[in-house]
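All remarks here apply to the structure that follows.
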Amino acid sequence: MRWSRTLLETIKENPSEAEVASHQLMVRAGMIRKVAAGLYDYLPLGWRVMRKIEQIVREEMDAAGALEVQMPILSPAEMWQETGRWTQYGAELFRIKDRHGREFALGPTHEEVITDIVRRTVRSYRQLPVNLYQIHTKFRDEIRPRFGVMRAREFIMKDAYSFDRDEIGAEAAYDKMFQTYQRIFQRCGLRFKAVEADSGSIGGSFSSEFMVLAETGEEAIASCTQCNYAANIEKAVGKLPVISPEETPITMEMVSTPGKHTVEEVAEFLQVPISRLAKTLIYAVDKILVAVVIRGDREVNEVKLKNALGAQELVLAGPEQIQAATGAPVGFAGPCGLQGVGRILMDDSLHQAVNLVTGGNRADTHAQGVNPGRDFQPTQILDLKNVRAGDLCPKCSAVLTLERGIEVGHVFKLGMKYSRAMRAVFLDEGGEEHFCVMGCYGIGVSRIAAAAIEQNHDEHGIIWPLAIAPYQVVLLPVSPKDPRAAEMAEEVYAEMQAAGVEALLDDRDERAGIKFKDADLTGIPIRLTFGRGVAENMIELKRRDTGAVEMVSRTEIAARVKALCEKMAGL
RNA sequence: CGGGGUGUAGCGCAGUGGCUAGCGCACCUGCUUUGGGAGCAGGGGGCCGACGGUUCAAGUCCGUCCACCCCGACCA
């Protein structure tokens, strides 16, 4: 491709709306342009990257035996009602009505539609297992779209769904996809980590996320410094030592704590460490109030709490609800004698803890010397806290660290959630009917591009991994007025095309500085400069990643570039 | 949804209530320049987010709405 014909406009200044490097660079390099919040045009350069990523995904999915299909973006409300997700998915589901008033969803994911395909197609065990996938646009009305295509309302996703006759088959399908995903992300040149994850609104029994490690990632990951344990913070479990187990329990007594309603204020006032406090949070869960008691220095993990309660909606109770439930204003709730809630859940950080300080369920009052089991009876003791760096690994008890990541893939074991709700059944050898056992597997194609930039850039611009670069080589004649250089660039450009190398010829009538800056900004892995060396039939070859420069003779250039491409692609 | 911020040329930004709304970049023409975002000269491009109000006079003040960005979404 000739640069002058690509409608490729770069800009010098960062757009004011872009915060993170990938967003800034994608806009500056002319890859994307914002249409509205969370909606982007993919311009020619950006779209080439998407197609590169799609192609890698497609090749690996095909190699894994999956079948590509295409489902409609619109799906009828009835299907979503069958599984209950029409109401459960909430405001994130884009809904529209047709001219007759019939309701549709813009697909955020396609479990319902794929299950409908299978229930209408699969009748016999002989047709199983099957794994169907598609690559197209998904719609999610995100609370807050941000970071460019990283969290957009419309994005490109590969979604795959496996159907098996039993758990053993489903397990194998899951493992196959897990391995396939590792290959895909490796081929895309990403540094990533697979972590245990919560299944969220997709459901199912177990899931793993593939995280690209980056400071700007929206997800927090806990991982073990010794073994291979790694989990999303939503799911991660950390062990911690119990508080002073050898201390003898003292008598519980009320103390006056006027105006002290945060844990920090109470700890300071009573001169005890914050970890000695047990805070009591009152949640409103589907109209019922639930108390959660947790160590003062710890945070409740609402995903864990939701899962423990089987709840869909979870909000902290308002001041009136708290007053009604505890008899005290906000800040003085405690578990002892607490009558106004349905359940008292205690985080296991307080298991065997002694002599705690809690709220007194009376204004300006706290209780000291509180001992769980003696002074109050939790309904359940559960792990409900967020892991912190320094907690201990649940598998091997080594220290856990926290990192940040960008979720680029997620694989789920779904079980029979959808096949049962939508009656996707088959007959076995004995003529007996069974539900299909499902798995589902997503990859954020557009997010991979952003994640790759987040991991691979410098102050000059993008540094594409070769496999997903929009072009592999940029040819740069330094002076348009130098006919020998221009001519040689044209010849080499033709040779590149003949050799199957994707080349971009910078044929613009621009000064050298502009061309060099743009070559760096757009991040094309190999740059060929036709300048001073041309008189001696030499071409300068520079790698964008290492910055290494070498002079290559005119006769060897095609072979050299071809070999370097193969090396950089890891072939 | 709550809080904060911003809307002026394609992009980045100036602009005491007072003449025909500016600057840099980008764009077009010409001349010079030519290995790291050139110089000079000339030029094109604006519903100043929308609507309503105050005023002799509104980009500027007031109100309402809209869009976009950031933080938060309840940790007692």
Side-chain angles (χ1 to χ4, degrees), chain A residues 7 9-20 23-24 27-28 30 33-39 43 90-91 141 143-148 153 257 259-267 274 277-284 291-302 304-305 313-319 321-323 325-326 328-334 347 358-361 363-364 366 384-386 459-461 476-482 485-486 506 508-522 527-534 539-540 542 547 549:
Chain A
L7 203 69
E9 291 251 299
T10 59
I11 49 178
K12 284 187 205 173
E13 282 168 300
N14 274 326
S16 59
E17 74 208 20
E19 286 272 306
V20 298
H23 186 194
Q24 292 172 343
V27 174
R28 285 189 51 209
R33 193 164 292 170
K34 189 175 74 178
V35 174
L39 303 177
L43 300 174
D141 195 357
I143 294 176
R144 185 143 83 88
R146 58 178 147 181
F147 304 154
R153 293 195 293 175
T257 50
K260 311 294 181 195
H261 35 71
T262 68
V263 285
E264 291 80 10
E265 287 166 355
V266 174
I274 289 180
L277 269 60
K279 56 189 177 190
T280 305
L281 284 65
I282 313 290
Y283 280 92
V292 176
V293 187
I294 189 167
R295 222 171 77 181
D297 60 340
R298 286 291 173 153
E299 292 175 354
V300 171
N301 180 319
E302 293 192 353
K304 289 181 182 175
L305 180 57
E313 278 288 314
L314 187 70
V315 282
L316 279 172
Q321 286 172 300
I322 289 173
Q323 179 79 43
T326 68
V330 172
F332 301 97
D347 180 65
T358 74
N361 295 325
D364 297 335
H366 278 78
L384 295 170
K385 67 190 159 308
N386 274 336
E459 68 274 24
H460 302 295
L476 196 156
V478 170
S479 169
K481 295 281 158 55
D482 177 354
D506 194 346
R508 294 174 299 172
D509 184 14
E510 293 286 359
R511 296 165 58 84
I514 288 180
K515 293 185 182 182
F516 286 132
K517 290 285 184 191
D518 278 347
D520 288 346
L521 177 60
T522 52
R527 187 185 82 190
L528 301 182
T529 306
F530 299 83
R532 298 188 188 108
V534 165
I539 298 155
E540 178 192 287
K542 184 175 185 188
V549 176

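Just so it is clear, the structure is predicted and the values come from calculations on it, not from any experiment. Every chain is numbered from 1, with letters handed out A, B, ... down the list of sequences.
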Keeping A:Arg298 on the side-chain end and A:Asn386 on the backbone end, is there a donor-acceptor pair under 3.5 Å? yes
Please name the nucleotide paired to B:A50 by Watson-Crick or G-U wobble geometry with both distances under 3.5 Å, or report none. B:U64
Looking at every strand, decide which applies to A:Lys515 at a 4.0 Å heavy-atom threshold: base, sugar-phosphate, or nothing. nothing
Does any N or O donor sit under 3.5 Å from an N or O acceptor when you compare the side chain of A:Arg527 with the base of B:G36? yes
Base, sugar-phosphate or nothing for A:Ala333? Non-hydrogen atoms, less than 4.0 Å. nothing
Nearest to side-chain heavy atoms of A:Ala512, which nucleotide of B:G37, B:G35, B:A73: B:G35
Tell me whether the OP1 or OP2 atom of B:G12 has a side-chain N or O from A:Ser16 closer than 4.0 Å. yes
Would you kindly give the CD-to-C1' distance between A:Glu510 and B:G39, to the nearest whole Å? 15 Å
Per A:Asp520 side chain, nearest of listed nucleotides B:A76, B:G36, B:G37: B:G36
Starting at atom CZ of A:Arg532, determine the distance to atom P of B:G35, rounded to an integer number of angstrom. 7 Å
At 4.0 Å (heavy atoms only), tell me whether A:Asp482 reaches a base, stays on the sugar-phosphate, or touches nothing. nothing
Under 3.5 Å, is there an N or O donor on one side and an acceptor on the other linking the side chain of A:Asp518 and the base of B:G37? yes
Does the side chain of A:Lys279 get closer than 4.0 angstrom to OP1 or OP2 of B:A76 through an N or O atom? yes
Just checking A:Ile294: base, sugar-phosphate only, or nothing, at a heavy-atom cut-off of under 4.0 Å? nothing
Of the nucleotides B:G35, B:G12, B:G37, which has the atom closest to the A:Pro15 side chain? B:G12
Mind checking if A:Val292 touches a base, just sugar-phosphate, or nothing, with heavy atoms under 4.0 Å? nothing
Over 12 non-hydrogen atoms of neighbours within 6.0 angstrom of CD in A:Glu9: no
Atom-to-atom span, CD1 of A:Ile11 to P of B:C11 - whole angstrom: 9 Å
Counting side-chain heavy atoms from C-beta on, which of B:C27, B:U34, B:A38 comes nearest to A:Ile514? B:A38
Taking only the side-chain heavy atoms of A:Glu299 (C-beta and beyond), determine which of B:U33, B:C75, B:C68 contains the nearest atom. B:C75
Residue A:Leu281, side-chain atoms from C-beta onward, closest of B:G37, B:A76, B:C69: B:A76
Do side-chain atoms of A:Arg28 reach the backbone of A:Ile11 as a donor and acceptor pair under 3.5 angstrom? yes
Can you check whether A:Arg144 has a side-chain N or O nearer than 4.0 Å to OP1 or OP2 of B:A73? no
Would you mind pulling out the nucleotide paired to B:A57, Watson-Crick or G-U wobble, both distances under 3.5 Å? none
Closer than 4.0 Å, any side-chain N/O of A:Arg511 to the OP1 or OP2 of B:A38? yes
Which of these passes side-chain contact (heavy atoms from CB on, under 4.5 Å) with A:Leu277: A:Asp297, A:Val263, A:Ile294, A:Thr358? A:Val263
Whole Å only: how far is the CD atom of A:Gln323 from the C1' atom of B:A76? 13 Å
